[in-house]
Amino acid sequence: MLNISLLAIAKTTYIPKYLAYIHIIDDADTIVASNIYRELELKERSGMFNIIVEHEDVTKVKAIKRAKRAAGWATVSAVMSGVSTAFSKNTLQYLVSSTNTQIAKQLADIYIDNARAEQTLGINIWIENTTIGELMINDMERGLTWYVRPSQFFCCLLNNPDVVNLRISDVHNKDIRYMMIAAGSQVSKREIEWEDNDCWIYGIWGNLGFSEIKVIEKYLRISKTDFTEREMSTEEFKAYKKEANKR
């Protein structure tokens, strides 16, 4: 009961970390861009195409929590079904209960796998054809080819994390560009001390002197705009909360 009470008091959330990298190469030039934001956009210098790497929004956290709750209840159901099987009175009842137990266990496994999948954010690549002719896009590793009409977008779903190598050209193979895209993200569960529209703030724990008592030594503020991190002292954190409560 004590553990349940502590879990009820602690406020937890899921905080993302994003990374994206784009490298465009032609015969005369090289363009590189990277960031830790949810989106990364880069325009090819001659105006041939635009590319956007788009990570899934952290608002998926609600789906993560729902999936984990479902996984928890499915596990409890499997355990209780197993208990009822053990106390079955006859062979028929035992067979029925045993079947129900197996089904409940399989559902629990599915729920748990779905919960893990929900914690993996998706990544999309968008390529806009900004020319007046068709573009040809080749996946150099998988041997796939796509054609993109003028002023249209091509969308490709990446694994998380993933690295892809693309060849982009006009249909006559006169203008050729090579491109490498690397992207990945992760979602970590944190017990947070403060959250508002601008940031998350959570405590960094350490030992009190030479004892085993754990205390918060400082705080880490993560911006929701650009996901940059900044350490805060206890005094800075208290001042921030006081100022935020006045808004």
Side-chain angles (χ1 to χ4, degrees), residues 9-25 30-45 49-68 115-128 155-164 179-207 214-247:
I9 293 170
K11 181 181 180 182
T12 62
T13 193
Y14 292 83
I15 300 177
K17 282 190 176 182
Y18 301 120
L19 176 64
Y21 174 88
I22 303 173
H23 192 167
I24 301 174
I25 305 171
T30 297
I31 312 172
V32 176
S34 65
N35 69 20
I36 57 171
Y37 306 156
R38 199 172 72 84
E39 289 186 2
L40 173 62
E41 182 175 1
L42 184 61
K43 296 181 179 181
E44 197 275 334
R45 285 180 181 168
F49 58 86
N50 296 337
I51 179 166
I52 300 172
V53 178
E54 180 187 44
H55 295 274
E56 190 170 10
D57 195 357
V58 73
T59 52
K60 189 181 179 181
V61 63
K62 294 180 180 178
I64 296 173
K65 289 183 176 180
R66 285 197 300 269
K68 286 186 178 293
R116 293 193 187 110
E118 289 289 353
Q119 203 161 329
T120 302
L121 301 178
I123 305 171
N124 286 322
I125 295 175
W126 296 87
I127 299 176
E128 179 188 11
C155 181
C156 176
L157 178 65
L158 294 187
N159 294 320
N160 187 2
D162 202 358
V163 177
V164 294
M179 182 164 50
M180 185 184 78
I181 304 167
S185 68
Q186 64 184 47
V187 181
S188 56
K189 184 178 181 181
R190 296 286 184 183
E191 288 189 7
I192 58 172
E193 304 294 328
W194 179 266
E195 181 180 5
D196 56 29
N197 293 331
D198 299 322
C199 67
W200 300 279
I201 300 176
Y202 65 88
I204 300 175
W205 293 78
N207 290 333
K214 294 286 187 180
V215 295
I216 294 178
E217 292 183 333
K218 53 189 174 182
Y219 296 85
L220 191 68
R221 180 188 185 275
I222 302 177
S223 168
K224 288 185 176 181
T225 304
D226 57 16
F227 298 96
T228 54
E229 300 179 356
R230 181 174 69 86
E231 288 188 358
M232 304 175 70
S233 67
T234 301
E235 291 72 23
E236 287 177 311
F237 173 62
K238 289 179 179 179
Y240 182 91
K241 281 180 62 177
K242 185 177 180 181
E243 186 63 30
N245 285 325
K246 291 180 181 178
R247 298 172 193 166

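Side chains are part of it too, since the values below use all heavy atoms of this structure and drop only hydrogens, waters and symmetry mates.
Of the possible polar contacts, none joining the Tyr18 side chain to the Ala183 backbone as a donor-acceptor pair under 3.5 Å is found. Remark: the backbone N or O of Ile201 is not paired with any side-chain donor or acceptor of Arg221 at under 3.5 angstrom.
Counting all heavy atoms, side chain and backbone alike, Lys43 lies closest to Ile31 at O-CD1, 4.2 Å. What you find for Ser185 and Leu121 is that their closest heavy atoms are OG-CB, 3.7 Å. Residues Gly184 and Asn160 share a closest heavy-atom pair of CA-OD1, 3.3 Å. Nearest heavy-atom pair across Leu40 and Ala33 is CD2-O, 3.7 Å. The two residues Ile24 and Phe49 make their nearest non-hydrogen contact at CD1-CE1, 3.9 Å. What you find for Glu193 and Gly203 is that their closest heavy atoms are CG-N, 3.8 Å.
In this structure, CD1 on Ile125 lies 8.0 Å from CD1 on Ile22, to the nearest 0.5 angstrom. In this structure, CD on Glu39 lies 9.5 Å from NE2 on His55, to the nearest 0.5 angstrom. Here the straight-line distance linking atom CD1 of Ile51 with atom CD of Glu128 works out to 11.5 Å at 0.5 Å rounding. Between the OH atom of Tyr240 and the CH2 atom of Trp194 there is a distance of 7.5 Å, given to the nearest 0.5 Å. Summarising the geometry, atom CD1 belonging to Ile36 is positioned 8.5 Å from atom CG belonging to Leu19; distances are rounded to the nearest 0.5 Å.
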*Start with the C-alpha distance between Glu54 and Arg38, add both sets of side-chain angles, then the distance that settles side chain to side chain contact (heavy atoms under 4.5 Å, CB included), and finish with yes or no.*
CA-CA 6 Å; Glu54 180 187 44; Arg38 199 172 72 84; 4.3 Å; yes
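Side-chain contact between Ile15 and Tyr202 is present, with heavy atoms from C-beta onward closer than 4.5 Å. Using a 4.5 Å cut-off on side-chain heavy atoms (C-beta onward), Tyr37 and Thr225 make no contact. Under the 4.5 Å side-chain criterion, counting only non-hydrogen atoms from C-beta, Glu231 is not in contact with Glu217. Looking at His23 and Met179, their side chains never come closer than 4.5 Å, going by heavy atoms from C-beta outward.
Partner of Leu220 under the side-chain contact (heavy atoms from CB on, under 4.5 Å) criterion, chosen from Arg230, Met232, Glu229: Glu229. Of the listed residues (Leu158, Asn159, Ile181, Asp162), just one forms a side-chain contact (heavy atoms from CB on, under 4.5 Å) with Ile123, and that residue is Leu158.
Between Tyr219 and Phe237, the ring planes are parallel. Angles under 30° get that label, and only those over 60° would be called perpendicular.
Other residues, nucleotides and ligands contribute at most 12 non-hydrogen atoms within 6.0 Å of the CG atom of Asn197. Crowding of Trp126 atom CH2: a count of heavy atoms from other residues, nucleotides or ligands under 6.0 Å not exceeding 12.
Salt-bridge formation is detected for the pair Glu195/Lys224: a Lys NZ or Arg NE/NH1/NH2 atom is positioned less than 4.0 Å from an Asp or Glu carboxylate oxygen.
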